[in-house]
Amino acid sequence: MTSVFGSGLGTGVQRWQRSHNLGELNADHAGKEVILMGWVHRRRDHGQLIFMDVRDRFGFTQVVVDPGIVPQLLDAASAIRNEFVIALKGIVQKRPDGMINKAIATGAIEIAVKELRILNACDVLPFPVSEDAETSEALRLKYRYLDLRRPRLKDNILKRIKFVKSMRRALEGQGFLDIETPFLYKSTPEGAREFLVPSRIHPSHFYALPQSPQLFKQVLMVSGFDRYYQVVKCFRDEDLRADRQPEFTQVDCEMSFVDEEAVLATFEAITRQAVSEFFDGREIPAFPRMSYDDAMEHYGVDKPDTRFELKLQDVSDLVAASGFKVFAEAISTGGIVNALVVKGQAEAFSRKDIDELTDFVRQYGAKGLAWAKKGAGSGLAGWQSPVAKFFSDETVDAIDKKLNLQAGDLVLFGAGGYDVTKASLGALRNQLGARLKLYEPSQLNFLWIQGFPLLERDAGANRWIAKHHPFTSPRPQDIGLLDSDPAAIKASAYDLVLNGNEVAGGSIRIHDPEVQKKVFATLGLSDEDAQAKFGFLLEALKFGAPPHGGIAFGLDRLTMILTGCDAIRDVIVFPKTQKGTCLMTGAPGEVSSDQLRDLHIRVQRLE
RNA sequence: GGGGGCGUAGUUAAGUUGGUUAUAACGCCGGCCUGUCACGCCGGAGGCCGCGGGUUCAAGUCCCGUCGCUCCCGCCA
């Protein structure tokens, strides 16, 4: 830039040191000489008088270039454009009466500029930085550093930092120790797909990036650290969603000498304290608890949004004998018929609307959606429904009674296997809740879910797989069922749900090596496999492992909800696209043949 | 692996039934302006309509493919 004003802080010009940030000056500072630095947020050029809003992360300060003070500054100020980085020396002055800007913290004052330096220029911007204008995701990610200057994203990141601080304070207050664990770990391909890191020193051997520090934290309990936590990256090479990134952050926690009740009590207190502090003292009520079975039965999901009712209701017994084949067959083949009663919305949903809902549930494998609109009158006369003709007056009356139907209600029926019917109606319930605005978005409904099954059937192979992970303890009273009835075993596992999102999950771990071996065996892991993959754990358990359990919070997801965002990208500084790429750096990229040779790797594309 | 949405100037969008020179706002450039704070006024430049192919006298518009971003299903111990 022009030599008259210097090009920076370095040689050849008098050394300047910033005296204040751009959010802290007020009328009390009037008359003071200050040195300020920041980005030019907006310029208002009146020809012989130029105003600039200068911005840093602390706020905005208006500076005024008035030729009545230093005439030759006008040319330099005229050359300044949006997002130039400037430094200035000037006098704080109260703004004239009636010119106070109440919208900004520094609105009572302005800086009369005496000296001005342009520290750096800025090209024409790819999108407006001074406001949160709608911008395509691709551009935002490519120029992430500019997006991060904008108020919304900047505030999200600052809020995330604030929440992490609150969590740390709450955890430290309970005696949890912040301990780091390795990122270069051993591949244990039991759960999510892993990111692999080839070893240079050991040809054809690989590290894996941990999908969670699970086993390290358990071993730390064996070591006697008693209470551990870590704000830690985890890596999972699975497909992305709005609330899933390939690398994400957990607040990972573990504690010794506890049972399920103690863990829930501890982390409920910690969460309530941290969230309350995050909202500057907001009252956070105690967390209700619900069994997994009840959640599935009434909400169709294991993470119910309890901000609104609209529960799933079972009508299987009422329609089992009806002439409607779809219902009768669902039940005779072991399935169910469930209903959702949408109160007073019969008129609001057209045929087309219901068709759209039908398409929606088809995504979840449902075959369709039957419906009825309740009008005046009883029996068939009171029902407008394409399936009414298959029912008797008595059946309709029985359904009316069970569902407590009133004129103007819309009923949606799902029929089929238990899993598909629950899942599709559960998703439909959430969809309707959002569409009909059945809840207050800022409400925070925390909820513990307990009593998960320990095992579930693998859809493909004919075997048991762990629902949580293979180190989860059965409930003490269920350990005996490992031999007799694995399906009936409930786990000492729990999820913390917030507004229909899983925000934390954990369990009491197995600390008895014999039980651990038995669970591995039930999962179809041979002794040799168990030894090869988790031998270090089995061995550690033999050397005086205390009873222990823990939990891991999904920090990104939790922050997303607390800040009212729709995607975790908006609370992560440098997120990946849905295909796992970084549009700013270009990762993942190709590597040189030299690098590959060092790693003893030859790349061959498989069909 | 599968299904849906979007892609037009630097940005955000409009673009009718396929039909003349592809519009607007903001931004950008030039000029004017001493109390603005989304400053104002006047003027101007700016387009591979994502890319490739096809249909047609004629394609931003219709069809096929492809790339990018995105939402969802599967997947995520």
Side-chain angles (χ1 to χ4, degrees), chain A residues 41-53 60-69 74 78 81-83 95-104 106-107 110 123-143 146 188-194 210-212 214-215 234-246 248 356 359-366 420 423-424 427 431 452 454-456 458-460 464-472 491 493 502 505 507 519 523 525 533-534 552 554 566-567 569 576-579 581 583:
Chain A
H41 190 70
R42 283 205 179 88
R43 246 175 98 255
R44 291 175 293 280
D45 185 343
H46 291 246
Q48 292 299 300
L49 186 69
I50 298 175
F51 296 97
M52 288 184 282
D53 296 332
F60 305 91
T61 298
Q62 172 165 287
V63 307
V64 54
V65 176
D66 184 341
I69 302 172
L74 215 52
S78 301
R81 293 292 178 268
N82 283 340
E83 298 302 312
R95 295 198 193 180
D97 287 342
M99 305 282 175
I100 289 173
N101 183 349
K102 295 211 167 84
I104 59 174
T106 61
E110 62 191 7
D123 279 357
V124 173
L125 295 159
F127 53 78
V129 166
S130 59
E131 55 186 313
D132 286 314
E134 206 53 40
T135 306
S136 79
E137 198 68 29
L139 269 183
R140 293 181 57 198
L141 291 171
K142 178 171 181 190
Y143 300 98
L146 294 179
T188 52
E190 289 298 301
R193 200 175 290 119
E194 296 169 322
Q211 19 179 328
S212 116
Q214 179 60 36
L215 295 181
C234 301
F235 306 87
R236 296 180 188 174
D237 189 7
E238 298 290 349
D239 285 351
L240 275 56
R241 288 284 191 284
D243 63 350
R244 270 165 32 190
Q245 284 272 311
F248 61 99
E356 282 171 14
D359 287 340
F360 177 79
V361 295
R362 285 209 173 99
Q363 295 178 81
Y364 297 85
V420 164
S424 56
Q431 171 88 352
F452 289 88
L454 183 74
L455 305 166
E456 60 188 352
D458 187 326
W464 293 109
I465 50 176
K467 187 162 176 75
H468 187 52
H469 57 56
F471 321 107
T472 300
E502 181 196 333
S507 63
V519 168
L523 293 171
L525 227 59
K533 287 176 178 167
F534 307 114
D566 298 320
R569 287 190 303 276
K576 305 265 188 301
T577 68
Q578 195 168 33
K579 293 221 169 121
T581 63
L583 294 181

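In the text below, chain A, chain B and the rest are named by the order of the sequence lines, each starting its count at 1. Hydrogens, waters and symmetry mates are skipped; everything else that's a heavy atom, side chains included, is used. None of these values were measured; they are calculated from a predicted model.
- Using a 4.0 Å heavy-atom criterion, one finds that Asn82(A) contacts the sugar-phosphate atoms exclusively.
- Heavy atoms of Ala192(A) sit under 4.0 angstrom from primed sugar atoms or phosphate atoms, though from no base atom.
- Across the protein-nucleic acid pair, Arg193(A) atom CZ and G74(B) atom P stand 15 Å apart, rounded to whole Å.
- Taking atom P in both G40(B) and C26(B), one finds a spacing of 8 Å when rounded to whole Å.
- Taking the C1' atoms as reference points, A9(B) lies 11 Å from A24(B), given to the whole Å.
- Remark: ring of Phe127(A) does not overlap the six-membered base ring of U11(B) in a stacked fashion, as centroids less than 5.5 Å apart with planes less than 30° apart are not both met.
- The shortest distance between the side-chain N/O atoms of Arg44(A) and the OP1/OP2 oxygens of U36(B) is not below 4.0 Å.
- Nucleic acid contact for Pro470(A): base, since at least one base atom lies under 4.0 Å from a heavy atom of the residue.
- For Arg244(A) and U70(B), the CZ to P distance is 14 Å, given to the nearest whole Å.
- Residue Thr135(A) places none of its side-chain N or O atoms closer than 4.0 Å to OP1 or OP2 of U11(B).
- Taking only side-chain nitrogens and oxygens, Arg140(A) never comes nearer than 4.0 Å to OP1 or OP2 of G68(B).
- Minimum interatomic distance between Leu523(A) and Pro470(A) (heavy atoms only, all atoms of both residues): CD1-CB, 3.5 Å.
- Base engagement by Glu110(A) is indicated by at least one non-hydrogen atom pair under 4.0 Å involving a base atom.
- At a threshold of 4.0 angstrom between heavy atoms, the contacts of Thr581(A) are confined to the sugar-phosphate backbone, with no base atom among them.
- In this structure, Glu131(A) reaches neither bases nor backbone, as no heavy-atom distance under 4.0 Å exists between it and the strands shown.
- The side chain of Phe51(A) approaches G35(B) more closely than any other nucleotide in the set C69(B), G35(B), C76(B).
- A close approach under 4.0 Å does not occur between any side-chain nitrogen or oxygen of Asn101(A) and OP1 or OP2 of G35(B).
- Remark: C49(B) base-pairs with no nucleotide; criterion is Watson-Crick or G-U wobble with both hydrogen-bond distances under 3.5 Å.
- Proximity of Ser136(A) to the phosphate of U12(B): a side-chain N or O atom is located under 4.0 Å from OP1 or OP2.
- Across the P atoms, G52(B) and C67(B) are found 15 Å apart, a figure rounded to whole Å.
- Nucleotide A38(B) forms no Watson-Crick or G-U wobble pair with any nucleotide shown, as no partner meets the under 3.5 Å limit on both distances.
- Pairing of U16(B), defined by two Watson-Crick or G-U wobble distances under 3.5 Å, is not identified with any nucleotide.
- Nucleotide G4(B) holds its C1' atom 13 Å from the CD atom of Gln431(A), rounded to whole Å.
- Residue-level contact check: Leu125(A) touches the backbone only, with heavy atoms under 4.0 Å from sugar-phosphate atoms and none from bases.
- Taking only side-chain nitrogens and oxygens, Arg241(A) comes nearer than 4.0 Å to OP1 or OP2 of C73(B).
- Between the side chain of Ser424(A) and the backbone N or O of Val420(A), at least one donor-acceptor pair lies under 3.5 Å.
- A pairwise comparison of heavy atoms in Thr472(A) and Ala493(A) identifies CG2-CB, 4.1 Å as the closest pair.
- Base pairing analysis places C76(B) opposite nothing; no Watson-Crick or G-U wobble pair with both distances below 3.5 Å involves it.
- Nucleotides G3(B) and C37(B) place their C1' atoms 49 Å apart, quoted to the nearest Å.
- Between the P atom of C67(B) and the NZ atom of Lys142(A) lies a distance of 19 Å, rounded to the nearest Å.
- Only one option out of Glu194(A), Gln211(A), Arg193(A) pairs with Asp237(A) in a side-chain contact (heavy atoms from CB on, under 4.5 Å); it is Arg193(A).
- At C71(B), one or more side-chain N or O atoms of Gln578(A) fall inside 4.0 Å of OP1 or OP2 (strictly under the cut-off).
- Arg44(A) has a carboxylate O that lies under 4.0 Å from a charged side-chain N of Asp53(A), or vice versa, which qualifies the two as a salt bridge.
- If you take atom P in U23(B) and the same atom in C63(B), they sit 25 Å apart, rounded to whole Å.
- Of the candidate nucleotides U34(B), U36(B), C75(B), C75(B) has the atom nearest to the side chain of Asp239(A).
- Residue-to-nucleotide proximity on RNA chain B shows that, of Glu134(A) and Gly47(A), the 5′-proximal contact is made by Glu134(A).
- The base of C37(B) is paired with the side chain of Arg95(A) by a donor and an acceptor separated by under 3.5 Å.
- Close to C75(B), at under 4.0 Å from its OP1 or OP2, lies no side-chain N or O of Arg236(A).
- Of the candidates C76(B), U36(B), C72(B), the closest approach to any side-chain atom of Glu238(A) belongs to C76(B).
- Across all strands shown, U61(B) forms no Watson-Crick or G-U wobble pair with both distances under 3.5 Å.
- For the pair Ser424(A) and C73(B), the criterion of a side-chain N or O lying under 4.0 Å from OP1 or OP2 is not met.
- Nearest heavy-atom pair across Ser130(A) and Arg42(A) is OG-NH2, 3.5 Å.
- Legend: residues meeting salt bridge (charged side-chain N to carboxylate O under 4.0 Å, His left out) with Asp45(A), ordered by chain and number and at least two apart, are Arg43(A).
- G30(B) and G46(B): their C1' atoms are spaced 14 Å apart (whole Å).
- No aromatic stack links His46(A) and the base of U36(B), using centre distance under 5.5 Å and interplanar angle under 30°.
- The separation of G18(B) from G27(B), taken at their C1' atoms, amounts to 33 Å, rounded to a whole angstrom.
- Checking Tyr364(A) against Thr188(A), the closest nucleotide of RNA chain B that is more toward the 5' end is the one next to Tyr364(A).
- In this structure, Arg95(A) and Gln62(A) approach most closely via the heavy-atom pair NH2-CB, 3.3 Å.
- Across every strand in view, G43(B) sits in a pair with C29(B) that passes the Watson-Crick or G-U test at under 3.5 angstrom.
- Side chain of Gln62(A), nearest nucleotide from C71(B), U36(B), C33(B): U36(B).
- Comparing the same atom, P, in U16(B) and in C57(B) gives a spacing of 22 Å after rounding to whole Å.
- Rounding to whole angstrom units, CZ of residue Phe235(A) and P of C75(B) are separated by 24 Å.
- Below the 3.5 angstrom threshold, one finds no donor paired with an acceptor across the side chain of Arg362(A) and the base of G3(B).
- The minimum heavy-atom distance between Ala133(A) and Thr135(A), with the atom names listed, is O-OG1, 2.9 Å.
- Residue Leu49(A) contributes atom CG, which lies 14 Å from atom C1' of G40(B) at whole-angstrom precision.
- Residue Phe60(A) contributes atom CZ, which lies 11 Å from atom P of A38(B) at whole-angstrom precision.
- The two residues Ala466(A) and Leu455(A) make their nearest non-hydrogen contact at CA-CD2, 4.3 Å.
- The distance between atom CG of Leu139(A) and atom C1' of G10(B), rounded to the nearest whole Å, is 9 Å.
- Side chain Glu137(A) to base G7(B): no donor-acceptor pair is found below 3.5 Å.
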